[in-house]
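One structure below.
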Amino acid sequence: MSYFTAVLTRADDSFQLVDLVLEDVEDLADLADLVDGVGDGSADGEAVAVIEHEDEWFGLIRIVEGDATVFLSDVSAAAASPYADLLADYLDSRTDEYEEDEEPADEQDEDAEDDDDEADEDAQMLDLDQSSEWGGDPGLFADAGVSADELLAQLERHGADPARVVAHVGEAAGFADALEAAR
């Protein structure tokens, strides 16, 4: 199985492919610096890096004005990949926001389900029926139309097809055409 990587920067209202090799980048700060130095000055300070390992996992890195945010579909697989150093800060666990929402199954009151449908829906989204555990921030594209819950639902439904999940995010966030051209 092979890896696919692409780095895209925003130019006006669209994204364009940048000729960067992620294997040569040491960490997220280096990636942010490299992306900042690319382009003609018309970039809106936003870039997206995509890492896919065919039928196994994906990573999305979003850089906005020099700050990187990461989502990994499978932390263990990412840790064993050639990109482990780049993703090191995101290989330990889920974000605190989502850990706080989880409740042990024995503490849930079945009669209270109707009273708190939204909280139950969030808890169900986190109980992925997969052996892998995601990491990072699933809300990294919330302002672009892909909420954390939606990204986690896509991962649950299509986790065996990372390209499909990434394409869904790309459509909403506006980088799908540039990503498809990179393939």
Side-chain angles (χ1 to χ4, degrees), residues 1-10 15 17-39 43-102 122 125-128 130-156 159 162-163 165-166 168-170 172-173 175 178-179 182:
M1 289 189 241
S2 63
Y3 286 95
F4 166 78
T5 63
V7 179
L8 312 164
T9 59
R10 182 180 292 278
F15 281 86
L17 182 64
V18 176
D19 188 21
L20 287 177
V21 178
L22 286 179
E23 290 85 351
D24 297 339
V25 178
E26 291 183 29
D27 59 25
L28 292 174
D30 287 345
L31 179 59
D33 288 343
L34 286 170
V35 168
D36 189 42
V38 173
D44 294 334
E46 181 178 4
V48 175
V50 176
I51 302 170
E52 290 177 15
H53 192 216
E54 193 174 285
D55 298 332
E56 192 173 331
W57 69 278
F58 68 89
L60 295 170
I61 304 168
R62 184 177 188 201
I63 300 169
V64 178
E65 297 179 1
D67 293 326
T69 308
V70 175
F71 177 77
L72 302 170
S73 67
D74 185 334
V75 173
S76 298
S81 78
Y83 304 98
D85 289 342
L86 174 65
L87 304 169
D89 293 340
Y90 291 86
L91 297 178
D92 56 0
S93 67
R94 296 179 184 172
T95 58
D96 292 338
E97 175 185 348
Y98 282 86
E99 288 175 358
E100 291 172 5
D101 289 345
E102 294 184 49
D122 289 345
M125 295 300 248
L126 298 175
D127 294 333
L128 301 178
Q130 293 177 229
S131 60
S132 62
E133 184 170 312
W134 58 268
D137 183 359
L140 76 163
F141 287 103
D143 65 333
V146 181
S147 69
D149 290 337
E150 182 179 353
L151 179 55
L152 293 174
Q154 286 289 316
L155 180 60
E156 182 176 8
V165 179
V166 172
H168 174 79
V169 173
F175 62 84
L179 185 62

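Note that this is a predicted model, so its numbers are computed, not measured.
Two residues are said to be in side-chain contact when any heavy atoms from C-beta on lie closer than 4.5 Å; E65 and E46 fail this criterion. Using a 4.5 Å heavy-atom threshold, the side chains of I51 and L86 count as touching. A 4.5 Å side-chain heavy-atom check between L31 and I63 finds at least one atom pair inside the cut-off. Residues L179 and V166 meet the side-chain proximity criterion, which asks for heavy atoms closer than 4.5 Å. Within the 4.5 Å cutoff, the side chain of V48 has heavy atoms near those of the V50 side chain.
In this view, A144 and F141, A173 satisfy the side-chain contact (heavy atoms from CB on, under 4.5 Å) rule, not counting sequence neighbours. With sequence neighbours excluded, the residues that form a side-chain contact (heavy atoms from CB on, under 4.5 Å) with A78 are W57, L72, L87, L91. By the side-chain contact (heavy atoms from CB on, under 4.5 Å) test, D27 is found to be paired with A29, D30, residues two or more places apart in sequence or in another chain being considered. With sequence neighbours left out, A178 forms a side-chain contact (heavy atoms from CB on, under 4.5 Å) with L8, F15. Shown here are the salt bridge (Lys or Arg N to Asp or Glu O under 4.0 Å) partners of D143, two or more places apart in sequence or in another chain: R62.
Residues A68 and L28 share a closest heavy-atom pair of CB-CB, 4.1 Å. The shortest heavy-atom contact between E56 and P162 is N-CG, 3.8 Å. Closest non-hydrogen pair, A6 versus A182, comes out as CB-CB, 4.2 Å.
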Pair L20-V25, side-chain contact (heavy atoms from CB on, under 4.5 Å): steps then yes or no: CA-CA 9 Å; L20 287 177; V25 178; 5.8 Å; no

Test side-chain contact (heavy atoms from CB on, under 4.5 Å) on L60 and V169 and set out the steps. CA-CA 10 Å; L60 295 170; V169 173; 4.2 Å; yes

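In this structure, a donor-acceptor pair under 3.5 Å is present between the side chains of Y83 and E23.
Applying side-chain contact (heavy atoms from CB on, under 4.5 Å) to F71 and the options L151, D137, I61, V165 leaves one that passes, L151.
With values rounded to the nearest 0.5 angstrom, S73 atom OG is found 12.0 Å from E133 atom CD.
Without hydrogens or angle criteria, T5 side chain to L22 main chain gives no donor-acceptor distance under 3.5 Å.
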